[in-house]
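Below is one structure, written out as structure tokens, with a few remarks after it.
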Amino acid sequence: LRDGEDHAFYAQFNAVEDIPYALLAYAGDTACACAALKPFGESQLELKRMFVHPDHRRQGFAQQLLAQLEGWAVELGAIQLVLETGVRQPEAIALYTQAGFRRMAKNYGQYEHVADSLCFEKILR
């Protein structure tokens with residue numbers, strides 16, 4: 001667990017019933033990756049629950065999910081995506097940076113004073 005033990009803090013913002021848009025990727029009959037969008041502000045969506053099973057990493061699933069979610073976000077009328085990841089998640093930071101997300105000058109919302117959090121944004125149009 002790279003980001004420490006305080007998973008209860010993060011769990012309160014990731015309840016399934018609060019995340020209405022989700023994608024699941026399969027390799028054959030096996031679910032191998034997921035990602036979701038959660039409403040955040042008037043014209044923003046927050047990227048949540050991005051995960052690729054270790055057996056399926058480095059096969060393009062994360063990039064495909066991001067691309068699909070960005071398209072879906074535009075269809076939903078969003079003009080911006082935001083996300084939070086941990087400072088000890090270099091693979092995630094590289095993925096988001098390569099996908100055109102930029103680090104926010106200040107962490108947003110509940111992550112504002114969390115030293116181990118990094119927040120990113122991407123303008124969609």
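The CD atom of Q89 sits 9.0 Å away from the CD atom of E84 when rounded to the nearest 0.5 Å. Atoms CG and CG, from L83 and L37 in turn, are 10.5 Å apart once rounded to the nearest 0.5 Å. Rounding to the nearest 0.5 angstrom, the gap separating the CZ atom in R49 from the CG atom in L23 is 15.0 Å. Note that CG of L69 is 13.5 Å distant from NZ of K48, once rounded to the nearest 0.5 Å. Atoms OG1 and CD1, from T85 and I93 in turn, are 6.0 Å apart once rounded to the nearest 0.5 Å. Note: M104 CE to F120 CZ = 10.5 Å, rounded to the nearest 0.5 Å.
A search for ring-ring contact (aromatic ring centres under 6.0 Å, His included) contacts involving Y21 returns W72, not counting sequence neighbours. Taking the side chain to side chain contact (heavy atoms under 4.5 Å, CB included) definition, one finds that Q44 meets it with F40, Q80, V82, sequence neighbours left out.
Clustering ILVMFWY residues whenever any of their side-chain heavy atoms sit less than 4.5 angstrom apart, transitively, puts L24 in a cluster other than the one holding I19. I79 and L47 are assigned to two separate hydrophobic clusters, defined by single-linkage of ILVMFWY side chains at heavy-atom distances under 4.5 Å.
For the pair C32 and A27, the tightest heavy-atom approach, listed with the atom from each and the gap, is SG-N, 3.7 Å. Taking every heavy atom of both residues into account, N107 and C119 meet most closely at OD1-N, 3.3 Å.
Under the 3.5 Å distance criterion, with hydrogens and angles disregarded, no donor-acceptor pair is assigned to the side chains of Y108 and E121.
Within a 6.0 Å radius of CZ in F51, more than 12 heavy atoms belonging to other residues, nucleotides or ligands are found.
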Check residues 55-67 and write down every donor-acceptor pair under 3.5 Å in which the side-chain atom is one partner and the other belongs to a residue at least two apart or another chain.
unit_1 : atom_1 : unit_2 : atom_2 : d
R57    : NE     : V52    : O      : 2.7
R57    : NH2    : V52    : O      : 2.9
Q59    : NE2    : D55    : O      : 3.3

